[in-house]
Engineer: 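Quick one: the structure is below, questions incoming.
Quick note on labels: first sequence line is chain A, next is B, and so on, each numbered from 1.
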Amino acid sequence: MMKIYNTMSRKKEEFIPREEGKVSIYACGPTTYNFFHIGNARMFLVFDTIRRYFAYRGYKVTYVQNFTDVDDKIINRAREEGMDPLALSGKYIAEYFTDAAALNIKPADVHPKATEHIVDMLEMIKTLISKGLAYEVDGDVYFEVRKFPGYGKLSGRSVDDLRSGARVDVDERKKDPLDFALWKAAKEGEPYWESPWGKGRPGWHIECSAMSLKYLGPGFDIHGGGGDLVFPHHENEIAQSEGFMSGGTFARYWMHNGFITVNQEKMSKSLGNFFTVRDITAKYPGQVVRFYLVGTHYRSPLDFDDQKLEMSKKALARLYTTSNLVKEALAREGTGAGAGGEQLLQSVKHAEAEFVAAMDDDFNTALAAAALFDLSKEINSFVSDYAPSAAGHQALRQALEAFARLGDVLGLDLLQPEQSQNDNLVDKLMELIIGIRSQARQNKDWPTADKIRDGLKEAGIVLEDTPQGVRWKRKL
RNA sequence: GGCGGCAUAGCCAAGUGGUAAGGCAGAGGUCUGCAAAACCUUUAUCCCCCAGUUCGAAUCUGGGUGCCGCCUCCA
């Protein structure tokens with residue numbers, strides 16, 4: 001049984017899909033006016049991991065993540081750059097996929113763009129006006145919050161609380177300060193679309209309602225995003241969607257990830273303490289970044305700094321070592337008795353059960369990772385005094401397969417294809433260098449042997465002398 | 001002012017009633033020419049403080065302290 005913490009109820013609830021065996025997920029994607037930062041990355045990665053786990057559990061997953069490709073931030077940025085706003089957002093949509101790939105975030109099943117769904121939004125806005133839930137003023141259209149009785153149910157606030165705390169500059173044309181824009185009249189030089197209320201563009205919230213309903217239908221399973229979207233974004237989505245639907249639930253489970261802080265402070269553009277994934281992956285492999293992020297439960301806050309990435313790098317290296325040790329052991333031949341294989345398979349089974357139990361409990365990736373480390377230790381231990389045999393190889397293959405399968409749920413490629421992507425030239429050179437060093441070692445010329453080893457380490461290559469021969473690998 | 005979250009070893013981090021996972025770092029050992037990797041052993045009598053409930057609490061309740069977030073664009 002899977003349990004999910006639902007922001008709506010503030011409790012973990014058993015997950016019961018709308019349709020048996022299927023799960024529909026909508027996550028609010030980025031506004032494409034810049035490279036995305038590590039905070040955005042956490043959200044993408046959290047939902048990528050969730051969808052991977054659902055798939056692992058046998059669900060047919062439909063995952064939708066939008067691009068907000070027209071809004072104030074894009075327009076302002078485009079103005080600064082002297083670029084066309086839509087060209088700017090198009091550029092950063094492309095960059096999104098580059099960075100997402102570095103973090104092993106899979107493309108969603110659908111990546112709808114706001115600008116390609118103007119018609120859907122217009123239909124929705126028209127309906128809301130005809131139902132008396134929205135009104136037009138000077139080419140703007142606002143949703144009338146007071147007309148939606150459930151307003152505040154997601155964020156646990158009442159309209160009155162919100163009003164008293166409102167720090168917003170009051171727009172006198174609005175009936176209530178909390179009323180939010182569904183449609184904004186275009187100012188000079190802004191991109192616009194024709195509408196019954198004149199030239200304009202959609203408000204931010206309406207796109208997610210229109211696109212999620214279009215691709216997933218009313219009452220879809222999971223709607224998610226960063227914690228700061230609870231209010232007002234998701235609250236507004238609920239109001240306009242459920243107002244539009246007239247009855248029924250917009251989305252059934254609301255999931256929100258915790259924030260990333262830097263030096264214990266919220267990362268934000270205004271504080272200037274944000275890091276783009278583009279910058280981080282220039283210094284650390286995407287896999288390390290990913291491993292770091294899944295090491296903390298998605299709802300907990302997470303502080304980001306290089307020192308912590310260093311720790312993650314070492315921890316990940318440990319996992320990689322396991323898969324290398326297994327590959328090495330499998331390359332050996334022999335006709336041993338095959339002792340211990342049964343026990344190893346028992347451990348594999350146990351680890352996988354632990355992993356599933358952890359993930360079933362509101363996607364506890366930190367606990368799931370611990371199961372991976374337990375399995376790693378079992379495998380290493382088995383390999384450390386392994387006498388090759390047919391049965392042993394069989395057990396090892398199964399163990400490695402399970403190890404990689406579980407790693408993949410977390411988005412980790414424990415088989416490290418990048419390691420095997422060394423070109424021929426490097427392989428040849430290493431063969432040569434190792435040969436020379438072996439000669440030196442045979443002559444007990446330790447200074448030369450050590451010089452080679454140290455020099456290679458400087459260059460990012462680690463040499464290890466083992467009873468089975470010399471092993472080399474690139475440093476992470 | 002309103003709403004919410006978090007405080008666990010040197011560091012990171014699970015654990016929400018039954019006596020403290022996992023990782024990094026550290027210590028000792030096996031292996032090694034020396035290393036590295038791996039393996040074995042070890043590292044919190046205690047989970048911010050106080051009071052309470054309970055046979056029993058890091059886990060529940062009340063109070064306090066500290067930190068953070070939302071209420072405004074923001075993942």
Engineer: What's A:Gly39 touching, base or sugar-phosphate or nothing? Going by heavy atoms closer than 4.0 Å.
Structural biologist: base
Engineer: For B:rG18, give its Watson-Crick or G-U wobble partner with both distances under 3.5 Å, or none.
Structural biologist: B:rC55
Engineer: With a non-hydrogen cut-off below 4.0 angstrom, is A:Asp303 in contact with a base, only sugar-phosphate, or nothing?
Structural biologist: nothing
Engineer: Which of these nucleotides, B:rA36, B:rG22, B:rA75, is closest to any side-chain atom of A:Ala370?
Structural biologist: B:rG22
Engineer: Within the structure shown, what part of the strands sits under 4.0 Å from A:Arg77 by heavy-atom distance: base, sugar-phosphate, or nothing?
Structural biologist: nothing
Engineer: Please classify the nucleic acid contact of A:Arg157 as base, sugar-phosphate, or nothing, using heavy-atom distances under 4.0 Å.
Structural biologist: base
Engineer: Determine which nucleotide pairs with B:rU45, using a 3.5 Å limit on both distances of a Watson-Crick or G-U wobble pair.
Structural biologist: none
Engineer: What's the closest nucleotide to the A:Ser384 side chain, out of B:rA38, B:rG33, B:rA75?
Structural biologist: B:rA38
Engineer: Under 4.0 Å, heavy atoms only, any strand: does A:Arg441 hit a base, just the sugar-phosphate, or nothing?
Structural biologist: base
Engineer: Quick one: is A:Asn364 getting a side-chain N or O under 4.0 Å of the B:rG15 phosphate, OP1 or OP2?
Structural biologist: yes
Engineer: Do A:Arg453 side-chain and B:rC34 base share a donor-acceptor contact under 3.5 Å?
Structural biologist: yes
Engineer: Which pairs count as salt bridge (charged side-chain N to carboxylate O under 4.0 Å, His left out) when at least one residue sits in residues 433-444 of chain A, sequence neighbours excluded?
Structural biologist: A:Arg437-A:Asp465, A:Arg441-A:Asp465
Engineer: Paired with B:rC67: which nucleotide, if any, by Watson-Crick or G-U wobble criteria at under 3.5 Å for both distances?
Structural biologist: B:rG5
Engineer: Per the atom types in the model, does the base of B:rG69 pair as donor or acceptor with the side chain of A:Asp228 at under 3.5 Å?
Structural biologist: no
Engineer: Which nucleotide in the set B:rG33, B:rA13, B:rC40 lies at the smallest distance from any side-chain heavy atom of A:Ser381?
Structural biologist: B:rC40
Engineer: Tell me what A:Leu463 touches on the nucleic acid: a base, only sugar-phosphate, or nothing, going by heavy atoms under 4.0 Å.
Structural biologist: base
Engineer: Could you tell me the Watson-Crick or G-U partner of B:rC74, where both distances fall under 3.5 Å? Say none if there is no partner.
Structural biologist: none
Engineer: Taking atom P of B:rA75 as reference, at what distance in whole Å does atom CZ of A:Phe36 sit?
Structural biologist: 12 Å
Engineer: Using a cut-off of under 3.5 Å, enumerate the N/O to N/O pairs linking the protein to nucleotides 23-31 of chain B.
Structural biologist:
none

Engineer: If we take the P atom in both B:rU43 and B:rG52, what is their distance in whole Å?
Structural biologist: 33 Å
Engineer: To the nearest angstrom, how far is A:Tyr386 atom OH from B:rA37 atom C1'?
Structural biologist: 19 Å
Engineer: Do A:Asp385 and B:rC39 have a side chain to base donor-acceptor pair shorter than 3.5 Å?
Structural biologist: no
Engineer: With a 4.0 Å cut-off on heavy atoms, is A:His297 in touch with a base, just the backbone sugar-phosphate, or nothing at all?
Structural biologist: sugar-phosphate
Engineer: Of the options B:rC34, B:rA38, B:rA75, whose atoms approach the side-chain atoms of A:Asn257 most closely?
Structural biologist: B:rA75
Engineer: B:rC34, B:rA75, B:rA36: which one has an atom nearest the side-chain heavy atoms of A:Glu464?
Structural biologist: B:rA36
Engineer: Listed by chain and number, what are the side chain to side chain contact (heavy atoms under 4.5 Å, CB included) partners of A:Leu345, not counting sequence neighbours?
Structural biologist: A:Ala395, A:Gln398
Engineer: Taking the same atom, P, in B:rG69 and in B:rG28, what whole-Å distance lies between them?
Structural biologist: 42 Å
Engineer: Using centres under 5.5 Å plus planes under 30 degrees as the test, is A:Phe44 stacked with B:rA75?
Structural biologist: no
Engineer: Relative to the ring of A:Trp254, is the ring of A:His256 parallel (under 30°), tilted (30 to 60°) or perpendicular (over 60°)?
Structural biologist: parallel
Engineer: Closest approach to the side chain of A:Thr31, judged atom by atom: which nucleotide of B:rC73, B:rA75, B:rC34 is it?
Structural biologist: B:rA75
